[in-house]
Amino acid sequence: SKEEPTGGNNTGDIMRPAAAAAESKEEPTGVVPPDKKRPEPVVLVDGVVPYLDVASRGRALGVCRTWRTETAKPAWWPDLDARRVFAAYPGPTLGSTVLRRLVASPRFALLESVNLEACKQVTDAEIKAIAESRGATTLRAVNLNAAHGVTSRGVEHLIRACSRGLESLSLYWQPRLEDGALIALSQSPSRKTLKRLNLAGCQRLTDRGVEAVARTCTVLTKLDITRCPRLTDATLSAIGEALGRNLEELVCYADSALTDAGLAHLANARPRRLARLDLCGAREITSASIAAVVASPARWTLRELNLSWCVAIDDRAGLALARHCKRLESLSFHGILGITDATVDALAASPVATTLTTLDVNGCARITDYRRATDRLHRLFPRVAVWVVHR
């Protein structure tokens with residue numbers, strides 16, 4: 001038999017050199033091919049940091065030099081919650097020192113919101129540090145609720161420093177706040193941008209300060225003046241005349257000096273966006289002014305109405321609500337003896353019977369079964385889940 005020449009037609013012999021060549025071209029273990037480079041750390045940071053909470057962003061600062069540089073960009077730090085600072089650094093002075101250093105750092109150069117709620121350690125010194133920082137010029141929201149160490153002068157200093165203009169300012173339970181801070185607000189750039197203002201519990205305020213804000217802050221839509229005992233109808237008149245048209249929320253809880261004379265200005269403004277009105281404890285308000293308000297375009301937008309302890313009100317207000325309101329979801333007549341079954345029956349026959357989810361008639365002794373011993377009220381208002389607003 002003849003021997004086959006070397007390099008004959010044997011398929012295995014032909015493929016073997018090709019496989020060996022391919023093997024020789026494989027990259028050594030652990031070497032990344034040039035066309036399969038790993039992503040840059042900067043790209044990873046940009047894709048991750050926006051989804052991290054503040055604590056995780058703080059930990060990201062310690063990953064490596066690149067992550068620290070990228071994570072420390074001001075764009076990633078628009079919010080400063082001082083409550084976290086004081087929780088992490090307890091003590092009479094340590095937390096305040098850390099807070100002042102933070103607001104002075106480049107990381108917080110583009111601040112948009114500062115939350116100092118219930119931070120007892122915060123004083124005018126910390127407020128001054130915030131006001132003098134680069135971040136103050138970009139602030140849009142400030143929360144000083146129950147920060148009792150801050151004076152009216154400190155608030156005034158911060159307001160003047162917010163050159164971009166605030167959209168939200170919360171000063172709940174600031175017993176040292178005076179009219180001067182509100183006068184400063186009415187003269188600052190924030191007068192053109194402020195939309196939400198909470199002055200609840202600021203007992204030193206008078207008509208002078210609140211009226212100045214109402215007449216100059218023309219885009220204000222949400223205002224809370226709960227428990228401001230020195231306010232009178234002059235304030236309510238200014239609110240109605242200057243803001244009534246576009247006002248969305250007005251809370252006058254426990255402002256017993258208000259009367260129909262002030263509320264009439266709100267009704268005359270024909271509010272078209274009013275969604276919440278709280279007049280709890282306004283003992284001089286009568287059914288006539290309530291009927292005038294709900295007969296305005298507010299009948300289409302009103303969602304929440306609190307008339308608890310408005311003891312001068314009677315069924316005429318209830319019948320007006322039944323006649324005009326279309327989308328009411330929360331209603332309280334708590335403690336009003338002038339409300340009877342006539343109001344309940346009228347509401348049950350109106351569109352609000354299917355929209356109400358909160359209804360408080362406790363203390364309305366002239367309403368049959370106002371204590372809900374039977375299922376009468378449940379049958380008339382099937383969607384109501386909350387029956388007690390005040391305890």
Side-chain angles (χ1 to χ4, degrees), residues 172 196 198 200 221-227 247-256 258 263 266 271 273-283 285 287 289-291 293-391:
Y172 165 77
R196 297 174 293 276
N198 187 347
T221 59
K222 298 181 180 179
L223 178 61
D224 190 337
I225 50 175
T226 293
R227 297 189 187 280
L247 199 63
E248 296 176 5
E249 292 186 11
L250 177 60
V251 181
C252 305
Y253 187 103
D255 292 332
S256 58
L258 304 182
L263 194 58
L266 180 62
R273 296 180 180 175
L274 189 64
R276 181 187 180 194
L277 179 60
D278 192 330
L279 297 169
C280 176
R283 294 170 296 182
I285 296 290
S287 298
S289 59
I290 298 298
V293 171
V294 299
S296 72
R299 65 182 181 273
W300 298 101
T301 58
L302 195 61
R303 298 285 196 279
E304 181 178 345
L305 180 60
N306 186 357
L307 299 175
S308 299
W309 302 114
C310 294
V311 292
I313 285 176
D314 55 27
D315 281 332
R316 288 174 293 178
L319 297 177
L321 290 172
R323 185 181 312 114
H324 298 293
C325 290
K326 310 298 181 184
R327 302 171 183 175
L328 200 60
E329 297 174 1
S330 177
L331 176 61
S332 178
F333 287 125
H334 187 103
I336 303 178
L337 297 179
I339 298 296
T340 71
D341 283 336
T343 289
V344 173
D345 294 338
L347 291 173
S350 73
V352 301
T354 56
T355 62
L356 279 175
T357 57
T358 299
L359 178 61
D360 190 344
V361 292
N362 292 284
C364 301
R366 297 174 65 188
I367 293 179
T368 302
D369 193 31
Y370 69 95
R371 294 179 177 175
R372 302 184 314 284
T374 67
D375 65 347
R376 175 175 178 265
L377 292 178
H378 293 273
R379 286 187 287 102
L380 293 176
F381 305 99
R383 294 192 59 194
V384 172
V386 179
W387 295 93
V388 180
V389 173
H390 299 273
R391 294 185 182 278

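Everything numeric in this text was worked out from a predicted model, so none of it was measured. Computed from heavy atoms alone, side chains included, the values below leave out hydrogens, waters and symmetry copies.
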Using a 4.5 Å cut-off on heavy atoms from C-beta on, say whether the side chain of [Y] contacts that of [X].
X	Y	result
Leu377	Val384	no
Cys325	Val294	yes
Leu347	Phe381	yes
Leu359	Trp387	yes
Val388	Arg372	yes
Leu321	Leu305	yes

Do you know the tightest heavy-atom contact between [X] and [Y]?
X	Y	answer
Lys326	Pro351	O-CB, 4.1 Å
Trp309	Cys280	CD1-SG, 4.2 Å
Asp255	Ile225	OD2-O, 2.6 Å
Lys222	Glu248	CE-OE1, 3.7 Å
Gly335	Cys364	N-SG, 4.3 Å
His324	Arg299	O-CB, 3.3 Å

- Task: Tell me, yes or no, whether the heavy-atom count around Arg283 atom CZ, taken from other residues, nucleotides or ligands under 6.0 Å, exceeds 12.
- Result: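 At most 12 heavy atoms, drawn from other residues, nucleotides or ligands, come within 6.0 Å of this atom.
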
For Val344, run the side chain to side chain contact (heavy atoms under 4.5 Å, CB included) check against Asp315, Ile367, Thr368 and tell me which one passes.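 For Val344, the side chain to side chain contact (heavy atoms under 4.5 Å, CB included) check succeeds only for Ile367.
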
message = Using the rule given for side-chain contact (heavy atoms from CB on, under 4.5 Å), can you reason through Leu263 versus Leu258, listing the C-alpha separation, both sets of side-chain angles and the distance that settles it, and then say yes or no?
response = CA-CA 8 Å; Leu263 194 58; Leu258 304 182; over 6 Å; no

Which value, rounded to the nearest 0.5 Å, describes the distance between [X] atom [atom1] and [Y] atom [atom2]?
X	Y	atom1	atom2	result
Tyr253	Asp278	OH	CG	7.5 Å
Leu319	Thr343	CG	OG1	5.0 Å
Leu279	Asn306	CG	CG	8.0 Å
Glu329	Arg276	CD	CZ	13.0 Å
Thr301	Leu328	OG1	CG	10.5 Å
Thr221	Glu249	OG1	CD	7.5 Å

Verify side-chain contact (heavy atoms from CB on, under 4.5 Å) between His390 and Asn362, making sure each step is shown before the conclusion.
CA-CA 9 Å; His390 299 273; Asn362 292 284; over 6 Å; no

### Salt-bridge contact Arg376-Asp345 (side-chain N to carboxylate O under 4.0 Å)
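The answer is yes: the pair qualifies as a salt bridge.
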
